[in-house]
Number of protein chains: 2
Amino acid sequence: MKSTSNYDLTDAQNELYSWIRDYMREFRHSPSIRQMMQAMGLKSPAPIQSRLKHLQEKGFISWQEGKARTLQVVDEILEGVPIMGSVAAGGLIETFNDTNENLDITDVLKKKNVFALTVNGDSMIDACIADGDMVLMEPINDSFSIRNGDIVSALVPGMGTTLKYFFKRGGKIFLEAANSNYDPIELNLNEVVFQGKLLAVWRKI
Amino acid sequence: MKSTSNYDLTDAQNELYSWIRDYMREFRHSPSIRQMMQAMGLKSPAPIQSRLKHLQEKGFISWQEGKARTLQVVDEILEGVPIMGSVAAGGLIETFNDTNENLDITDVLKKKNVFALTVNGDSMIDACIADGDMVLMEPINDSFSIRNGDIVSALVPGMGTTLKYFFKRGGKIFLEAANSNYDPIELNLNEVVFQGKLLAVWRKI
DNA sequence: TGTATTAGAGTACATTTGTTTTAATGAAAA
DNA sequence: TTTTCATTAAAACAAATGTACTCTAATACA
C-alpha cells in the first residue's frame, strides 16, 4: 500500500484530488465536473475531464461512465486491509508475507438490514464469543431458513433476547449455550421469535 | 424484526428508505430517482418523488434540489450498522431495542498500515481467538510502545511468526500463550522482532 | 528558433435526471 | 353504489451533467 504521498500526481491533479476528497467528506456525495471546474478556477470542463482521466488511470478514483455524480475515491472504497499471511497460534512455523489478498470486513454490511448486538455474558464462550463482543446479525425472515447448528438471537418468553445455538429435533426447538454451565432451552416453535442469524463476530481491543 | 424506529413510515416509504440505504452502502453514492423507480417496480417517477418528499419531511433524508444524485441519509453513518441493544449470553434478561447507536467497524482501518493475519492453531483460545480467525494488527515501530498484556505478533527465531501475550520482566521478554498446553517463551529483546499489535478480532461465519 | 506536446477555453451535443402536469386507476369512505 | 382521496402512469419539460470536438495559448524540447 503506497498511498499517503501523492507524488505520482501533478500539482493540478493533486489539487483536484484533494479538493474532491474534502468535498465528499463534507457533502457525502460526488461533486459534478462543473463544480470542480469552478473550484479549480477554470472556465471549461475539458481540463477537469483530463485530470479525472489521469486520476483514474493512476487508480485514485473511479466513476460510472455517463452517470452524474458517481465519483468514488478508491482509497475509501478499499476498506480492505492486506493479509500478511498467517501466524502460528500453536507450535507451527508460519511465514509472514504479503499474500496479495485483502480482507474486506465491510462485505457483510452489504447484506440487507444487518444489525449489531452487544454480547452480554459468557454462555457462548466455548464458541469463542466473549462478554462484550459485538455480533453482526442478519435478520431472519422465516424460521425455516435456520439450520441446525446456526447461532441465532432469539426472543424467549421470560428470558429476553438470547444468543444461542439453534437445533430442531422432532418438532421441538432447542436453544443450546456454548457453555456447560447452562442448560439447553426446549421450546415449541410458536414460543420463540427469531431475530437474527450470526454473520460475524467483532472484538475491538 | 418490525424495523423498529421506522414506525412513522408507510410500507412503501420504509421499503424505499431501506433500499436507498443498501444502495448507498454498496455504491457510495446516491441513486437517481429513476433507479429507485425501477427498484421499486414502478413505471413512473412521480411515486418516488412523493415518497422522497415524505421521507424528507420526516427527517430521514435530504438532498439538494435540482441536483442529481445528492441524496443524503440523515442520522446514519453508512459504514455503521445499527446496534439493536444487547443479547443475553448468560441468564440475564436484556431488551432488544434500537439503541440509536452505530457500530463502525471501519474505524480501525483508518489507522496507518493496518494489516490482517489468519490465525492458525489454538494457542490463544483462552483469549477467545480461535483457529481461522482474522486478527487486525497495527504495525509496531518501536518495542517500547508495547505494554504488558498486549497481544502481539512476533517473529521468533525457529518458531516463525506467532501470536502471543507480551510481557516484559527484568530485561527479559516473555511471550505467553492463552492456552495452558503451551509454555511461555522467554527471550532477550534482541532475539525477537515485533510486527504488530492486536487491534481487533474478526470472525466471519 | 521551430516544432511537438500539453493544458485550457469555448462550444456543442446527447444523456441523465429532477420536476411538473394531467389523466387513469384503485382503494377506502359515505 | 357513489364519492373521495391517494397512488400510479404517462408525458413533457427544463435543468444538470458527462462527453466530444475544435481552436488557442503556454510550455518543453531539440
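All heavy atoms count here, side chains included; hydrogens, waters and symmetry mates do not. Note on naming: letters A, B, ... go to the chains in the order of the sequence lines (proteins, then strands), and numbering restarts at 1 for each one.
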With nearest nucleotide decided by heavy atoms, which residue, A/Trp63 or B/Lys43, maps closer to the 5′ end of DNA chain D? B/Lys43
Between A/Lys67 and B/Ser44, just flag the one whose closest nucleotide in DNA chain D comes earlier from the 5' side.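 The 5'-side residue here is B/Ser44.
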I need the [atom1]-[atom2] distance between [X] and [N], as an integer number of Å.
X       : N      : atom1 : atom2 : result
A/His29 : C/dT17 : NE2   : P     : 14 Å
B/Met37 : C/dT19 : CE    : C1'   : 14 Å
B/Met40 : D/dT7  : CE    : C1'   : 16 Å
B/Arg34 : D/dC13 : CZ    : P     : 14 Å
B/Leu16 : D/dT8  : CG    : C1'   : 15 Å
B/Met36 : C/dT16 : CE    : P     : 16 Å
B/Leu42 : D/dA10 : CG    : C1'   : 13 Å
B/Gln35 : C/dT15 : CD    : P     : 18 Å

5'-most contact on DNA chain C: B/Ile33 or A/Ile48, nearest heavy atom basis?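 First, find each residue's nearest nucleotide; the 5'-ward one identifies A/Ile48.
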Using 4.0 Å as the upper bound for N to carboxylate O, is an ion pair formed by A/Glu15 and A/Arg21?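 Here A/Arg21 does not pair with A/Glu15 in a salt bridge, since their nearest N and O are not under 4.0 Å apart.
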Students often get this wrong, so: under 4.0 angstrom with heavy atoms, is A/Ala46 touching a base, only sugar-phosphate, or nothing? base
Heavy atoms under 4.0 Å, any strand shown: does B/Gln49 hit a base, just sugar-phosphate, or nothing? base
Side chain of B/Glu65 (C-beta onward), nearest among D/dT8, C/dT17, C/dT19: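 Selected nucleotide (nearest to the side chain): C/dT19.
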If you look at every heavy atom in B/Asp150 and B/Ser145, which pair is closest and at what distance? OD2-O, 4.4 Å
Can a cation-pi geometry be assigned to A/Arg169 and A/Phe174, taking NZ or CZ under 6.0 Å from the six-membered ring centre and within 45° of the ring axis?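 Relative to the ring axis of A/Phe174, which defines the angle, A/Arg169 lies inside both limits.
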Looking only at side-chain N and O atoms, does A/Arg69 come under 4.0 Å of OP1 or OP2 in D/dT17?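 Affirmative; the distance criterion is met.
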Looking only at side-chain N and O atoms, does A/Arg51 come under 4.0 Å of OP1 or OP2 in C/dG8?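 A/Arg51 to C/dG8 OP1/OP2: side-chain N or O found under 4.0 Å.
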Residues A/Arg69 and A/Gln64: side-chain donor-acceptor under 3.5 angstrom: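 The criterion, which ignores hydrogens and geometry beyond distance, is not satisfied for A/Gln64 and A/Arg69.
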Suppose we call two aromatic rings close when their centres sit under 6.0 Å apart. Are A/His29 and A/Tyr23 close by that rule?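 Yes: the rings meet the under 6.0 Å criterion.
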